[in-house]
**Student:** 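Please find one structure pasted underneath; my questions will follow.
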Amino acid sequence: MKAVILISGNGSNLQSIMDHADGIDLQISAVISNNMNAYGLKRAEIGNIKTHFLDPKKFNTRDDFDQEMIKIIDSFSIEVIILAGYMRILSPLFIHHFSGKILNIHPSLLPKYPGLDTHQRAINASDTHHGATVHFVTEKLDGGPIISQEVVTIENNDTASSLAKKVLEKEHSLYPKVIHWYTQSRLKLINNTATFDGKIL
Ligand code: GRF
């Protein structure tokens, strides 16, 4: 199945998806970033994957930016869009255009802690557990139907960065696993609900 991956930063999830691509029947047609300095762009180049940098400063509105991204993505005839650390809010225009085809990974046990600083927020709340979530992307930020989660234990001596490291390690196996379900057509968004083998998740 052909995919485009959107990134903004380090791209460790991108790397893990690239490393698993053959085994999960995924062909990465391009990697697109809104950040010229995203290390993920380097990772893609090393992996011989086409890259695009789209400069937000060159567009007047979010819709203009996303319209250009739609144009680029449509040129690849892809079936899935994978957000892997893409730090820009997507317009309803974009989300509707690719409805049911956009996956995201978020570093918290959603619906807890949508948005930023999830690790510190979990520590501040004295949570005993934290983790990562893969979900379908809908208009509600980090609020689309949940597909799968991985849990880690928060130890007394954990800091935001030690916790981030533990969660990332889980992300690197969780995301390829879910993407594989998607490429096998086992996972679908139907009436705004995530389904697996036809059953509501
Ligand atoms: C990950 O924690 C992911 O959950 C979040 O952004 C981070 C991206 O990390 N959406 P990387 O760029 O994949 O290393």
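As a basis for the values below, the full set of heavy atoms in this structure was taken, side chains included, without hydrogen atoms, waters or symmetry mates. Indexing begins at 1, ligand by ligand and atom by atom, following the structure's order.
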**Student:** Should we count NZ of Lys177 as having more than 12 external heavy atoms under 6.0 Å?
**Tutor:** yes
**Student:** Report, in ascending order of atom number, the atoms of ligand 1 lying under 4.0 Å from any heavy atom of Ser12.
**Tutor:** 11 (P), 12 (O), 13 (O), 14 (O)
**Student:** May I ask you to decide whether Glu68 forms a salt bridge with Lys71, counting only side-chain N to carboxylate O separations under 4.0 Å?
**Tutor:**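 Between Lys71 and Glu68 there is a salt bridge, with a charged N closer than 4.0 Å to a carboxylate O.
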**Student:** Taking all non-hydrogen atoms of both residues, which atom of Lys170 and which atom of Val152 are closest, and how far apart?
**Tutor:**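 Here Lys170 and Val152 meet closest at CG-CG1, 3.6 Å.
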**Student:** Any atoms of ligand 1 less than 4.0 Å from a non-hydrogen atom of Gly85? List them with their elements.
**Tutor:**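 In order of number, 6 (O), 8 (C), 10 (N).
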**Student:** Give the residue, atom name and distance (to 0.1 Å) of the protein heavy atom nearest atom 10 (N) of ligand 1.
**Tutor:** Ile105 O, 2.9 Å
**Student:** Is there any N or O on Ala84 that sits under 3.5 Å from an N or O of ligand 1?
**Tutor:**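 The answer is no, given that Ala84 and ligand 1 share no N or O pair closer than 3.5 Å.
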**Student:** Would you check whether Ala132 reaches within less than 4.0 Å of ligand 1, judged by its heavy atoms?
**Tutor:** no
**Student:** Counting non-hydrogen protein atoms only, what is the nearest one to atom 13 (O) of ligand 1? Give residue, atom name and distance.
**Tutor:** Asn13 N, 2.8 Å
**Student:** Does any donor atom in the side chain of His97 or Asp74 lie under 3.5 Å from an acceptor atom in the other side chain?
**Tutor:** yes
**Student:** Which one holds for Glu171 and ligand 1: side chain close, backbone close, both close, or neither close, with close meaning a heavy atom under 4.0 Å?
**Tutor:**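 For Glu171, only side-chain atoms sit under 4.0 Å from ligand 1.
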**Student:** Report yes if Gly11 has an N/O atom closer than 3.5 Å to an N/O atom of ligand 1; otherwise report no.
**Tutor:** yes
**Student:** Determine yes or no for a side-chain-to-main-chain donor-acceptor pair under 3.5 angstrom, with Asp142 supplying the side chain and Gly115 the backbone.
**Tutor:** yes
**Student:** Measure from atom 5 (C) of ligand 1 to every heavy atom in Pro107, Gly9, Ala38 and give the option owning the shortest one.
**Tutor:** Pro107
**Student:** Between Thr193 (side chain only) and Asn191 (backbone N and O only), is there a donor and an acceptor less than 3.5 Å apart?
**Tutor:** yes
**Student:** Going by distance alone, is a donor N or O of one side chain under 3.5 Å from an acceptor N or O of the other, for His135 and His106?
**Tutor:** no
